[in-house]
Amino acid sequence: PFQCDLSGLWRNELDSLMEIDKVNDAGEFSGKYLTAVTATSNCIRSSPLKGAQHDTTQRSQPTFGFTVNWEKFSNSTTVFVGQCFISDKGKETLKTMWLLREEVGSPGDGWRATRVGTNVFTRKRNLEP
Ligand code: BTN
């Protein structure tokens, strides 16, 4: 029942890190995201995230979504949606897709404002460097 609870420390294939606090009874959670890459030329800062996960007592491989506000170094916003999967050996994997919206000056520039991609996260042991 505790598996695929999003709480804890996660790393994706880009080496980005996220730490998610305890998921509350409504499935809501918050945390911090430290991206390893940026589309800006600014210095990367840890950024707040907020999301919601389906009830892990009802299902073992729940879907979830969260938003990262890169407010400290970028005007952009990213949303992730995904699902947590558990292997036969009990290893948890978060399979996600994301949309990154960049701020542009006018609606006419909207055509180039959104990037899309996938990220796979695995659980990282706490306090590892
Ligand atoms: C920006 O460059 O404007 C903010 C940082 C965006 C980082 C993106 S979000 C999707 C992808 N997955 C990551 O871990 N980092 C990049």
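In each ligand, atom 1 is the first atom listed, and ligand 1 is the first ligand listed. Hydrogens, waters and symmetry mates play no part in the numbers below; they use all other heavy atoms, side chains included.
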Chemist: Donor-acceptor check, side chain of E71 to backbone of P48, threshold 3.5 angstrom: yes or no?
Modeler: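 A pair under 3.5 Å: no.
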
Chemist: How are the rings of F121 and Y33 set to each other: parallel, tilted or perpendicular (split at 30° and 60°)?
Modeler: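 Perpendicular.
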
Chemist: Let's go through E13 and N119 carefully: what are the C-alpha distance in whole Å and the side-chain angles of both, what is the deciding distance for side chain to side chain donor-acceptor pair (under 3.5 Å) to 0.1 Å, and is it a yes or a no?
Modeler: CA-CA 7 Å; E13 76 280 16; N119 278 142; 3.1 Å; yes

Chemist: Taking W70 as the fixed residue, which of N42, N75, T78, T35 is the one that meets the side chain to side chain donor-acceptor pair (under 3.5 Å) rule?
Modeler: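 Single pass found, and it is T78.
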
Chemist: Students should find this: residues with any non-hydrogen atom under 4.0 Å from ligand 1. What is the answer?
Modeler: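 Residues near ligand 1: N12, L14, S16, Y33, T35, V37, T38, A39, T40, W70, F73, S74, S76, T78, W98, N119.
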
Chemist: Hey, is E102 close enough to R112 for a salt bridge, meaning N to O under 4.0 Å?
Modeler: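 Looking at R112 together with E102, the answer is yes, because their closest N to O distance falls below 4.0 Å.
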
Chemist: Does R45, at its CZ atom, have more than 12 non-hydrogen atoms belonging to other residues, nucleotides or ligands within less than 6.0 Å?
Modeler: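 Counting other residues, nucleotides and ligands, CZ of R45 stays at 12 neighbours or fewer.
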
